[in-house]
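Worth saying up front: this structure is predicted, and the values here are computed from it rather than measured.
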Amino acid sequence: MRRIVVVGASAAGLGTAEALRRRGYAGELVLVGAEAHLPYDRPPLSKQVLAGAWEPDRVQLRSDEKLADLRLDLRLATQATGLAEHQVLLDGGDRLDFDGLVIATGVVPRVLPGTAGLGGVHVLRTLDDALSLRVELLAGPRLVVVGAGLIGCEVAATARKLGLDVTLVDPLPVPMSRQLGPELGELVANMHAENGVHLRFGVGVASVRSAAGRVTGVVLTDGTEVEADAMLVGIGSTAVTEWLDGSGIPVDASGVLCDAHCSAAPGVYAVGDVASWEHPVLGRIRLEHRTNATEQAMSVAVNLLGTQQEYRPLPYFWSDQYDTKLQMFGWPLPGDELEVVEGAPAEGSFIATYRRAGELTGVLGWNSVRGLRPFRQELMKAMAG
């Protein structure tokens, strides 16, 4: 191949570029990034960067010297606007011919209707998002977090540690229920309550109150109102695929549709948060997890260079909230049987397994790392088929 273009200067995009060079690819390698920042890591944004414990440059994934070693044609602050026959169209008018294409454009956060342009309302996806939200947290004592998923819970924990008055709102009965299920979600709720977060679950946002162009509070679907100096909206995300309209690359609401090799079309692959692929064991999935970005990047690089292998990872995510570390391996579904097999919730450290018809589908470590190993190995065998 003469030129490979990677659209998306994320961890997944940069990881693919690095893997290609490690595999001996010596041709032109173009990395296109919509943001002006050099590739950076996202997990610290909701924790260390938001808390002010890390300076922004600490999240940069590679040093300037390491990036130079990759011999990249790096196009930052540049949007891909379309895809023609073996060409990526850029917002500045350039057209990049390619022999291989990697789509790594990620996702964008969903927003609450009626809040566009309203001061004090934030999402958290980019470094600039985190820095902007941090300014708000330092200026106002009352934060409403709408959405009690991974990002919402981590931001709520960070804000409480900074001393803010925090209200966590979600229409579901418990936080992180999609990731952990109702029983362990209840433990997460108790953790936030014990740290002083006001919990409003089972209710949604009916409307947002504002004055002089800034948010002042939210009205919930049960009629109550919560005052706010700032709001963080964490209600999910949408894959960035609009630039592929009319290109023939298959997409739907779940992202770029790929086969088990992460291929969307001949010579075209997707990687990271934007990729929806046929997992040989789990079926069609899309993983917005940091570990997947790294693992999928390596698999895509191998396949792009001609060695076709199925991508069948063991899903994994972690979350740090207050002094608690949660680690989950597997892909449990609603209705799977939950059992605490080591330690105890009352002790603040335990391991819980998820099973379906007796088969292990997932394992969670709550402040417990070492005991996860045998369950992880069992799950890895299941992924191997």
Side-chain angles (χ1 to χ4, degrees), residues 43 46-47 109-110 124 143-161 166-205 218 220-222 226 232-237 282 285-291 315-356 360-369 371-372 375 379:
S46 59
K47 299 176 282 290
R110 295 192 180 101
L124 181 52
L143 174 70
V144 171
V145 178
V146 180
L150 198 62
I151 289 294
C153 285
E154 290 186 347
V155 169
T158 300
R160 275 302 297 148
K161 291 172 74 173
V166 179
T167 301
L168 186 57
V169 178
D170 198 292
L172 296 176
V174 296
M176 296 186 66
S177 61
R178 292 187 177 90
Q179 294 92 349
L180 304 180
E183 296 93 341
L184 296 185
E186 185 67 33
L187 293 181
V188 175
N190 293 340
M191 174 177 62
H192 282 278
E194 290 166 0
N195 281 277
V197 175
H198 309 297
L199 305 181
R200 299 305 308 272
F201 294 128
V203 293
V205 174
V218 297
L220 304 179
T221 51
D222 63 1
V226 182
L232 184 280
V233 179
I235 56 173
S237 59
L282 301 174
I285 63 173
R286 181 168 69 88
L287 294 177
E288 293 184 45
H289 301 325
R290 177 63 178 85
T291 304
Y316 167 74
F317 77 88
W318 79 92
S319 178
D320 296 316
Q321 301 174 38
Y322 308 107
D323 296 324
T324 297
K325 176 177 283 291
L326 307 177
Q327 294 177 288
M328 169 74 87
F329 289 98
W331 192 253
L333 298 174
D336 288 359
E337 181 181 355
L338 178 72
E339 181 184 7
V340 176
V341 295
E342 183 179 308
E347 299 170 357
S349 175
F350 65 91
I351 291 174
T353 59
Y354 299 80
R355 293 185 182 275
R356 187 181 318 135
L360 185 68
T361 59
V363 59
L364 174 88
W366 184 295
N367 283 334
S368 184
V369 178
L372 290 172
F375 300 102
L379 288 166

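Pairing each heavy atom of Ser46 with each of Thr158, the nearest pair is O-OG1, 2.8 Å. Nearest heavy atom pair, residue Ala189 against residue Leu199, reads O-CD1, 3.3 Å. Between Gly371 and Ser368, the shortest heavy-atom contact is N-OG, 4.4 Å.
Shown here are the side-chain contact (heavy atoms from CB on, under 4.5 Å) partners of Arg160, two or more places apart in sequence or in another chain: Val166, Val197, Tyr322. Residues satisfying the ring-ring contact (aromatic ring centres under 6.0 Å, His included) criterion with Phe317, sequence neighbours excluded, are His289. Under the side-chain contact (heavy atoms from CB on, under 4.5 Å) criterion, Thr324 pairs with Met191, Leu326, Trp366, Asn367, sequence neighbours left out. For Ser237, the side-chain hydrogen bond (donor to acceptor under 3.5 Å, both in side chains) partners are Glu288, not counting sequence neighbours. Qualifying salt bridge (Lys or Arg N to Asp or Glu O under 4.0 Å) partners for Asp323, counting only residues two or more places apart in sequence or in other chains: none. Every side-chain hydrogen bond (donor to acceptor under 3.5 Å, both in side chains) that Asp320 has, sequence neighbours left out, goes to Lys325. The side-chain hydrogen bond (donor to acceptor under 3.5 Å, both in side chains) test applied to Lys47 returns Glu154, not counting sequence neighbours.
Listed for the Thr221 side chain is a donor-acceptor partner under 3.5 Å among the backbone atoms of Gly204.
One distance of note links CZ of Arg110 with CD1 of Ile235; it measures 7.5 Å at 0.5 Å rounding. Taking OH of Tyr354 as the start and CG of Leu364 as the end, the distance is 5.5 Å to the nearest 0.5 Å. The CG atom of Leu379 sits 10.0 Å away from the CG atom of Leu372 when rounded to the nearest 0.5 Å.
The shortest distance between side-chain heavy atoms of Leu184 and Phe350 falls below 4.5 Å. At least one side-chain heavy atom of Val188 sits under 4.5 Å from a side-chain heavy atom of Cys153. In this structure, Leu282 and Pro315 have side chains that are in contact, with non-hydrogen atoms separated by less than 4.5 Å. By the 4.5 Å heavy-atom criterion applied to side chains, Leu360 and Thr353 are counted as neighbours.
A donor atom on one side chain and an acceptor atom on the other are found under 3.5 Å apart for Ser319 and Gln321.
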Please table the atom pairs, donor to acceptor, closer than 3.5 Å between any side-chain atom in residues 167-182 and protein atoms at least two apart or in another chain.
residue : atom : partner : partner atom : Å
Asp170  : OD1  : Leu172  : N            : 2.8
Asp170  : OD2  : Ala148  : N            : 2.7

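Each side chain to side chain donor-acceptor pair (under 3.5 Å) pair with one or both residues in residues 326-339, not counting sequence neighbours, appears once here: Tyr316-Gln327, Asp336-Arg356, Asp336-Thr361. Evaluation of the salt bridge (charged side-chain N to carboxylate O under 4.0 Å, His left out) test over residues 183-192, restricted to residues two or more places apart or in two chains, returns none.
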(message) Apply side chain to side chain contact (heavy atoms under 4.5 Å, CB included) to residues Leu232 and Val146 and explain how you reach the verdict.
(response) CA-CA 6 Å; Leu232 184 280; Val146 180; over 6 Å; no
(request) Go through the steps to decide whether Arg200 and Asp222 satisfy the test side chain to side chain contact (heavy atoms under 4.5 Å, CB included), and finish with yes or no. (result) CA-CA 10 Å; Arg200 299 305 308 272; Asp222 63 1; 2.5 Å; yes
